[in-house]
2 protein chains.
Amino acid sequence: MHLELAGTGSRRTVLTRALREAVRGGRLPGGTRLPPYRSLAADLGIARNVVADAYAELVAEGWFTARQGSGTRVAERVAPPPAAAPVRRPGAAPTPAPRFDLVQGAPDPASFPRTAWASAARRALAAAPVDAFGPGDPRGRPELRLALAEYLARARGVRADPERIVVCSGFANGLRLLAGLRPDGWAVEEYGLDFHRGILDAAGVRPYPLSVDAEGARTAELAGLPATVRTALLTPAHQFPTGGPLLPARRSAAVAWARSRDAVLVEDDYDGEFRYDRKPVGAVQGLDPERVVYAGSVSKSLSPAVRLGWLVLPDALVDGVLAAKGARESWASALDQLALAEFLGCGAYDRHVRRMRQVYRERRDRLVAVLAERAPAVRVTGIAAGLHAVLELPPGTEAAAVRAAGAAGLGLDGLSGYRHPAASGAPREGLVVGYAAAPERSFGRALEVLGGVVAELTAGS
Amino acid sequence: MHLELAGTGSRRTVLTRALREAVRGGRLPGGTRLPPYRSLAADLGIARNVVADAYAELVAEGWFTARQGSGTRVAERVAPPPAAAPVRRPGAAPTPAPRFDLVQGAPDPASFPRTAWASAARRALAAAPVDAFGPGDPRGRPELRLALAEYLARARGVRADPERIVVCSGFANGLRLLAGLRPDGWAVEEYGLDFHRGILDAAGVRPYPLSVDAEGARTAELAGLPATVRTALLTPAHQFPTGGPLLPARRSAAVAWARSRDAVLVEDDYDGEFRYDRKPVGAVQGLDPERVVYAGSVSKSLSPAVRLGWLVLPDALVDGVLAAKGARESWASALDQLALAEFLGCGAYDRHVRRMRQVYRERRDRLVAVLAERAPAVRVTGIAAGLHAVLELPPGTEAAAVRAAGAAGLGLDGLSGYRHPAASGAPREGLVVGYAAAPERSFGRALEVLGGVVAELTAGS
């Protein structure tokens, strides 16, 4: 029997591997009787017990069988499976990535505060109590809930008792938990994220779109919805993606509706910290913590790579959400939770948000400037806030604009893809431009391409 | 109007907070007309524009309304909600914790390698490419998939192409994904974790229990199951919780069944690294990677606080699992993935596992010794492996034993709770003892209490 004894490890490890490969490769077919220990040992110039150990190992793994009197054989049933074809996933196929990417959705990955995060993580790990490394509490780490309660009260006007905060692995995880608990009708904004609509669909929620204008969702429409609608999902700080801030009277109307119906508002505060024209407006949740679920995450403020978000819940929903999470935390990393608590507590989070506010504000200003110069007829709608903006386009031009951008190597979304399929208002056309994530070295050029596409398109109008 | 201007922040912040609190506390009822800027400013000795700013802020948040000509008023609809009652969750109620805890399920939290992990995390963060901080690939970070492929091949005999590894947030997350994809019949071991049965139930899976003896699941029974059964969930390295290693012939039989039926085995390798009597037996997956899903996690080897696990998938299942995960990673932290890749790559994982093998082996030996002395009639079943053992008890004594342990301040589980409700074999009685997680300072005393309980119970037998 020829065996190639190569690679690292003890003689026994090397021999075991070689025998296994011989079976796999078909060189030792099922049923083959293996040489006695002593003869293989002599052939290979190794000790007899090394061979005995290797055979025993492969018997235990099921490659060989050993029967009293008949020696060791290659197991019949482990005839070599067809050689694994080299895997080429569709996802891995070389679809040419756009040269310039202005698709909304993520903050600047290059600005992640690596050093500050690593030291916060190190301090947090050193200081953590032993129970932090045991099975996780589904509420989340107490250190993080305390830090969030303080931060959200201060930065977003949220009334956040740590006992009512439930940590989750991002907004989607939180939305799934809520949708599972409240599978009746939900009012949703007529423009929003398809991904979120999919989560509600999967939970069997029936959606009722509210129309949206420059001042956010028309919450007066809530009163006209069927009595089965008892949850409303809103983006009050900065309607996603159309960009209006929810008008004060509409905020109060939404809260009043929730009170009158025993309903709940879910406030998706996805980018509430990023306002460039004024101090951010406080969360609606502050108006009535028993009627508003406040939902936030670090996906826009830090990075979606840190899978952490939070729900600040009305008392009546805490037990249900915890029951839906189960007895132990299944998702959110306790290590990241400890690090984030320290990152918030030491002021690094505030510093990072302040810095990014400058960066994004400047990027938005550059976008506005390029458009003002190249295509003055095209309006950048919405407030100066967040990580994206919508460019309003003349009817009938959106698809052509997205196509032209793609042809020029520029990836971005049309507004139509954000429209709820059941929306009843007149559809609008536009481009949703994410200005946060593009690398600095290509951002200027991306804006030039965008300006060119839009200028050409609107040249006649 | 009396206002308490206290706390930190700018004058505007302090005034805004004081006005908000006055509305919340009911001191400024809905409809109240607020004093003009100039008079409140004079009263408080502050600049007029500070008052104007604070009013504007509260109008934006919905607390006040401002109408041309009628000045600023407290919004009618934000009459103070009933004061939030102090929250007392049932979970937070003081249920007296047992003084000694031998409930199975977790590794030693005090042994978490804090320093080694923090430095791996720091190095990994510094070295990571920028895209690591963007939206996550549902397959998981390439660094981690590469490190796992190398480690699992070496330590567990897994044939793990990185392209077939999908990272998840723990075994439960992986099981949920698989159950959703394969909602037909599943063969399961008649003893197992209720939590896992619940996941299969929730996905609509119909379970078919396989009987279990000292040599693991009787996989010969697979051939007799209905043709709709096309998945089998097994714990080959160390049947959970009864402790048998799956006999070589039973391994081959399971693989042969899977081939004959176009079925799949799910190999839950929850503690495969911890074997104390011999080198761990390689994974069944090595016998046929196209028929076995290998599932592992760090929940026993490192800590359940790190929410990371992995599936090594047959080619035919990769796309389905990725589709079930969605376009972006929703759960697993990229930061922890990077840290774990580095922790594996630099050898720290191997060192930690070697160290814990010594710690757990010694703890198991102490358990065996105490029982041999105090209750020689009681057998510690299963192989010397893992983080738990089962003590076989005479019929009719398990419930009394768990009660007596509880009365002595010792928390542990009876074996009955792990039995599948649909199991048909004769029920066994026993205690499931987790010896890994108890603090060293109380472990000896916990064993004494356990020895006493079992000795008393079996004194007559």
Side-chain angles (χ1 to χ4, degrees), chain A residues 59-62 75 77-78 81 84 87 89 91 105-106 109-110 112 114 117-118 121-122 125-126 130-136 157 161 163-164 169-170 172-173 248-249 251-252 255-256 281-282 284 286-290 303-307 315 318-319 322 330-336 437, chain B residues 59-62 65 75 77-78 81 84-85 87 89 91 105-106 109-110 112 114 117-118 121-122 125-126 130-136 157 161 163-164 169-170 172-173 248 251-252 255-256 281-282 284 286-290 303-307 315 318 322 330-336 437:
Chain A
V59 168
E61 290 181 13
R77 281 157 162 160
V78 293
V87 182
R89 305 256 71 78
F112 186 82
R114 304 181 186 214
W117 183 270
R122 184 179 46 72
L125 272 175
V130 165
D131 78 347
F133 305 101
D161 179 343
E163 292 293 311
R164 299 190 181 196
S169 73
N173 182 215
R251 298 174 151 234
S252 321
V255 170
V281 175
V284 172
L287 293 179
D288 193 344
E290 301 303 338
S303 165
V306 187
R307 300 298 322 145
D315 192 33
V318 176
D319 291 343
L322 289 177
S330 283
W331 304 295
S333 157
L335 306 190
D336 283 353
Chain B
V59 167
E61 290 181 14
T65 56
R77 281 154 163 163
V78 294
V87 182
R89 305 254 71 79
F112 186 83
R114 303 181 187 214
W117 183 272
R122 184 179 44 74
L125 272 174
V130 164
D131 79 347
F133 306 100
D161 178 344
E163 292 293 311
R164 298 187 180 200
S169 74
N173 182 214
R251 296 175 153 235
S252 320
V255 170
V281 175
V284 172
L287 293 179
D288 194 344
E290 301 302 338
S303 163
V306 187
R307 300 298 322 145
D315 191 33
V318 176
L322 289 178
S330 283
W331 303 296
S333 157
L335 306 190
D336 283 353

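Hydrogens, waters and symmetry mates are skipped; everything else that's a heavy atom, side chains included, is used. The shown structure was predicted, so the numbers you read here are calculated from the model rather than taken from an experiment.
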Subject >> Side chain, backbone, both or neither of A/V59 within contact of chain B (heavy atoms, under 4.5 Å) >> reply: both

Original post:
Looking at A/G282, A/S330, A/G134, which makes the most heavy-atom pairs under 4.5 Å with chain B?
Top reply: A/S330

**OP:** Under 4.5 Å, counting heavy-atom pairs only, tell me which of B/A106, B/A332, B/G136 racks up the most with chain A.
**Re:** B/A332

**OP:** Could you tell me the separation between the CG atom of B/L335 and the CG atom of B/L125, rounded to the nearest 0.5 Å?
**Re:** 5.5 Å

**OP:** Could you look at B/S333 and say if it's the side chain, the backbone, both or neither that has a heavy atom under 4.5 Å from chain A?
**Re:** both

Original post:
What residue, out of B/A172, B/S303, B/P304, has the most heavy-atom pairs lying under 4.5 Å from chain A?
Top reply: B/P304

Subject >> Heavy-atom proximity to chain B below 4.5 Å, by part of A/A126 >> reply: backbone

**OP:** Please work out whether the ring planes of B/F133 and A/F112 are parallel, tilted or perpendicular, with thresholds of 30° and 60°.
**Re:** parallel

**OP:** Return the option, out of A/A60, A/A334, A/A118, with the maximum number of heavy-atom pairs under 4.5 Å with chain B.
**Re:** A/A60

Original post:
CG of A/N173 to CH2 of B/W331: how many Å apart, nearest 0.5 Å?
Top reply: 8.5 Å

Subject >> Heavy-atom closest pair, residues A/G62 and B/S252 >> reply: O-OG, 3.6 Å

Original post:
Under 4.5 Å between any side-chain heavy atoms of B/D315 and B/E290, yes or no?
Top reply: yes

**OP:** Taking all heavy atoms of B/R251 and all of B/L287, pick out the closest pair and write down the distance.
**Re:** CB-CD1, 4.3 Å

